[in-house]
J.: 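Have a look at this one before I ask anything.
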Amino acid sequence: LGVVMVYSSSSVLASARYSDSSFFLERQILRAVLGLTIMCILSRLPLRIWEHAARPLLLIGLALLVLVLIFGQGRGATRWLPFTIPVGMISLSFQPSEFVKFAIVLYLADVLVRHEHRMANWRTGLLPRLLVIGAIQVLIVLQPDLGTAIAIGLISMIMLWLGGAGGGHLLTATVSLVPLVTWSLLSSPYQMQRLISFVHGADPLGAGFQISQSLLALGSGGFVGVGLGDSVQKYFLPEPHTDFVFAFIGEELGLAGCLSVIALFGAFAIHGYRIACNSSTYHGFLLAAGFTVMISVYAVINISVVTGFLPTTGLPLPLVSYGGSSLLWNLSGIGILVAVARENTSSSIASGRKP
C-alpha cells in the first residue's frame with residue numbers, strides 16, 4: 001500500500017522536478033527490497049546478540065547526531081548526512097534520528113533488564129536513563145526537529161513505565177522537558193508559526209497551508225474516494241508523498257481506505273502486544289513491546305497531524321510514507337519483533353505447550 005500511494009501521490013511532482021513520473025517509486029521499491037531483506041535477516045538472529053550490541057549502537061547513534069549538526073544538510077533543518085556509493089557514484093542521504101529511535105529501543109530493553117530491581121529508585125535506576133534520553137533529545141532539537149524529539153521521548157517514557165519506573169517519577173521527568181520544548185519553539189520561528197496556526201486555526205496560506213490542503217483532500221474523498229491516481233491535492237500540497245501521504249489515501253480511497261489503514265496499524269499493535277506478552281524472557285518482552293510502541297506512536301502522531309488533531313510535526317507514516325531511513329529502521333524493528341515471536345514458538349514447542 002505504501003509503495004502504491006507513494007507513486008500515486010508523487011507522480012506529478014516527479015514529472016515536474018525530474019521529468020520521470022516513477023522517480024520516487026523506483027527508489028521506494030529499492031528501499032523496500034533492502035528493508036525487507038534486512039528484516040528477514042534480523043528475524044533469524046538470536047535475541048542475545050542485542051544484549052551486547054545495544055550500547056555500542058546507541059553510542060554510534062549519538063556520534064551520528066553530533067556529526068549531523070556539523071556536516072548535515074536539509075531545507076530549514078540539518079537532519080540528513082550525505083554520502084556517496086562508489087558504484088555509479090550514487091548520492092544518498094541518511095537520517096541519524098531514525099537510526100537513534102531504533103537504537104534507543106534496543107538500549108532501553110537491555111538496560112531495563114540489567115537494572116530491573118532498581119527502576120523504582122529515582123537516583124540509581126531512573127535518573128541515569130533519563131540523562132541518556134535527554135542528551136539524545138537535546139541533539140535532535142538542535143537540528144531542529146522537535147517532533148522527532150517528542151516522539152522518541154514518548155517511546156522512551158512508555159518503555160520506562162513498562163520497565164517498572166514509577167508514574168510520578170516519569171511525570172516529573174516529562175514536566176522537566178517543558179523548558180527544552182519552549183526553547184525550541186522560541187528559537188525556531190517556523191515551529192512557533194505552526195503552533196500558533198494550530199491553536200488559532202488561521203493562516204491557511206502560510207504555516208497552516210499543509211494542514212488546510214490535507215483536510216481538503218480528506219474531505220473530498222467521501223466514503224470510497226475519487227479513485228486511485230485521481231487526486232487533485234497532489235497538485236497543491238508540497239512533498240505530498242512524505243508526511244501527508246495519509247491525506248491522499250483519504251482522497252483517493254476515501255473513508256474506507258483511511259479506516260483500513262488505521263485497522264492495519266491496530267492489528268499490528270495487537271499482534272505486537274501478544275508477541276510481547278508471550279515472550280519467554282523479560283528482554284524479549286521489552287524488545288517486542290518497544291518496537292510495537294515505536295511504530296504505533298509514529299502512526300498515531302502522523303495520522304493525528306494529517307487530520308488536524310496535532311500541530312504539524314514532520315514525522316512520516318511508518319511503512320507508508322516515502323523515505324529510506326524511516327522504512328529501513330522500521331522494518332529492522334519488525335525483524336526483531338519477528339525474532340521474538342520465533343523464539344516464543346521455539347520455547348513453546350520445547351516445553352510441550354501450544355505455540
Side-chain angles (χ1 to χ4, degrees), residues 38-39 42 45-68 94-141 145 148-166 169-170 173-174 177 180 272 275-276 279 281-298 318 325-326 328-340 343:
I38 293 174
M39 182 189 77
L42 295 185
L45 297 180
L47 297 181
R48 63 178 179 273
I49 288 178
W50 306 114
E51 297 175 3
H52 306 289
R55 283 173 288 183
L57 288 175
L58 185 67
L59 289 174
I60 291 172
L62 285 167
L64 290 173
L65 289 177
V66 173
L67 288 176
V68 80
F94 173 75
Q95 192 171 358
S97 60
E98 290 291 332
F99 170 72
V100 168
K101 78 176 184 184
F102 171 83
I104 194 68
V105 172
L106 295 177
Y107 166 75
L108 288 175
D110 174 61
V111 78
L112 289 173
V113 172
R114 295 176 185 272
H115 301 278
E116 179 180 0
H117 302 294
R118 298 183 183 178
M119 290 312 300
N121 184 288
W122 168 264
R123 185 176 63 85
T124 61
L126 185 59
L127 183 58
R129 272 77 267 175
L130 292 177
L131 292 176
V132 173
I133 296 167
I136 290 172
Q137 290 181 298
V138 168
L139 290 173
I140 294 176
V141 165
D145 188 359
T148 298
I150 291 175
I152 289 178
L154 184 56
I155 294 166
S156 301
M157 291 299 139
I158 294 174
M159 287 196 68
L160 289 171
W161 177 71
L162 291 173
H169 290 165
L170 292 177
T174 302
L177 292 176
L180 177 64
I275 291 171
S279 176
T281 65
Y282 188 39
H283 184 235
F285 164 77
L286 290 170
L287 283 175
F291 286 118
T292 300
V293 167
M294 181 186 81
I295 291 178
S296 299
V297 163
Y298 268 69
S325 297
S326 173
L328 175 63
W329 298 115
N330 283 329
L331 288 173
S332 296
I334 293 175
I336 297 177
L337 181 61
V338 174
V340 176
E343 291 205 359

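Worth saying up front: this structure is predicted, and the values here are computed from it rather than measured.
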J.: With rounding to the nearest 0.5 Å, note down the distance linking CD1 in Ile155 to CD1 in Ile104.
T.: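 Between Ile155 CD1 and Ile104 CD1, I get 9.5 Å after rounding to 0.5 Å.
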J.: In Å, rounded to the nearest 0.5 Å, how long is the span from OG of Ser156 to CD1 of Ile133?
T.: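 That separation rounds to 4.0 Å.
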J.: Over 60° means perpendicular and under 30° means parallel, so classify the ring planes of Phe285 and Tyr282, tilted if in between.
T.: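 Judged by the thresholds at 30° and 60°, the geometry between Tyr282 and Phe285 is parallel.
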J.: If you look at every heavy atom in Val113 and Ala109, which pair is closest and at what distance?
T.: CG2-O, 3.2 Å
J.: Work out which heavy atom in Ala276 is nearest to a heavy atom in Ala289; give both atom names and the distance.
T.: CB-N, 3.8 Å
J.: Is atom NE2 of His52 surrounded by more than 12 heavy atoms (other residues, nucleotides or ligands) closer than 6.0 Å?
T.: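 Atom NE2 in His52 is crowded, with more than 12 foreign heavy atoms closer than 6.0 Å.
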J.: Look at the rings of Trp50 and Phe102 and say which category their plane angle falls in: under 30° parallel, 30 to 60° tilted, over 60° perpendicular.
T.: perpendicular
J.: Please evaluate residues Gln95 and Trp329 with respect to the criterion side-chain contact (heavy atoms from CB on, under 4.5 Å), reporting the C-alpha separation (whole Å), side-chain torsions for both, the decisive distance (0.1 Å), and the verdict.
T.: CA-CA 10 Å; Gln95 192 171 358; Trp329 298 115; over 6 Å; no
J.: Kindly compute the distance separating CD (Glu98) from CG (Leu328), expressed to the nearest 0.5 Å.
T.: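 Glu98 atom CD to Leu328 atom CG measures 9.5 Å (nearest 0.5 Å).
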J.: Pair Val132, Tyr107 - check side-chain contact (heavy atoms from CB on, under 4.5 Å), show working.
T.: CA-CA 10 Å; Val132 173; Tyr107 166 75; 3.6 Å; yes
J.: Side-chain contact, heavy-atom cut-off 4.5 Å: Ile60 with Leu64?
T.: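 The answer is yes; the side chains approach within 4.5 Å.
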J.: Please evaluate residues Met119 and Asn121 with respect to the criterion side-chain contact (heavy atoms from CB on, under 4.5 Å), reporting the C-alpha separation (whole Å), side-chain torsions for both, the decisive distance (0.1 Å), and the verdict.
T.: CA-CA 5 Å; Met119 290 312 300; Asn121 184 288; over 6 Å; no
J.: Just by modelled atom types, is the Leu47 backbone N or O under 3.5 Å from a matching donor or acceptor in the Glu343 side chain?
T.: yes
J.: Kindly indicate whether the side chain of Phe99, heavy atoms from C-beta on, has any atom under 4.5 Å from the side chain of Leu65.
T.: no
J.: Report the distance from atom CG of Leu130 to atom OG1 of Thr174, rounding to the nearest 0.5 Å.
T.: 8.5 Å
J.: Evaluate the side-chain proximity of Leu108 to Leu160: yes if any heavy-atom separation is below 4.5 Å, no if none is.
T.: yes
J.: Distance check, rounded to the nearest 0.5 Å: Met157 atom CE versus Leu177 atom CG?
T.: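 It comes to 6.0 Å.
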J.: Can Leu337 and Ile295 be said to form a side-chain contact (heavy atoms from CB on, under 4.5 Å), step by step?
T.: CA-CA 11 Å; Leu337 181 61; Ile295 291 178; over 6 Å; no
J.: Kindly say whether Ala149 contributes a backbone atom to a donor-acceptor pair with the side chain of Gln137 at under 3.5 angstrom?
T.: yes
J.: Nearest 0.5 Å please: distance from the CD1 atom of Ile334 over to the CG atom of Leu331.
T.: 5.5 Å
J.: Work out which heavy atom in Arg114 is nearest to a heavy atom in Glu51; give both atom names and the distance.
T.: NH2-O, 3.3 Å
J.: Any side-chain heavy atom of His283 within less than 4.5 Å of one from Arg48?
T.: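 In short, these two side chains do not touch, never coming nearer than 4.5 Å.
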J.: Are Val293 and Val105 close enough that some pair of their side-chain heavy atoms sits under 4.5 Å apart?
T.: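 No; the side chains remain at least 4.5 Å from each other.
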J.: Please give me the minimum heavy-atom distance between Val340 and Ala288, naming the atom from each residue.
T.: CG1-CB, 4.0 Å
J.: Give a yes or no answer on whether the side chain of Asp145 reaches the backbone of Val141 with a donor-acceptor pair at less than 3.5 Å.
T.: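 Judged by distance alone, no pair lies under 3.5 Å.
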J.: Would you say the side chain of Leu286 lies within less than 4.5 Å of the side chain of Asp110, judging by non-hydrogen atoms?
T.: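 SC-SC contact between Asp110 and Leu286 ruled out.
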J.: Between Phe291 and Lys101, is there a cation-pi geometry (under 6.0 Å to ring centre, at most 45° from the normal)?
T.: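 Relative to the ring axis of Phe291, which defines the angle, Lys101 lies outside at least one limit.
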J.: Which heavy atom in Gly272 sits nearest to a heavy atom in Thr292, and how many Å separate them?
T.: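 For Gly272 and Thr292, the tightest heavy-atom pair comes out as CA-OG1, 3.2 Å.
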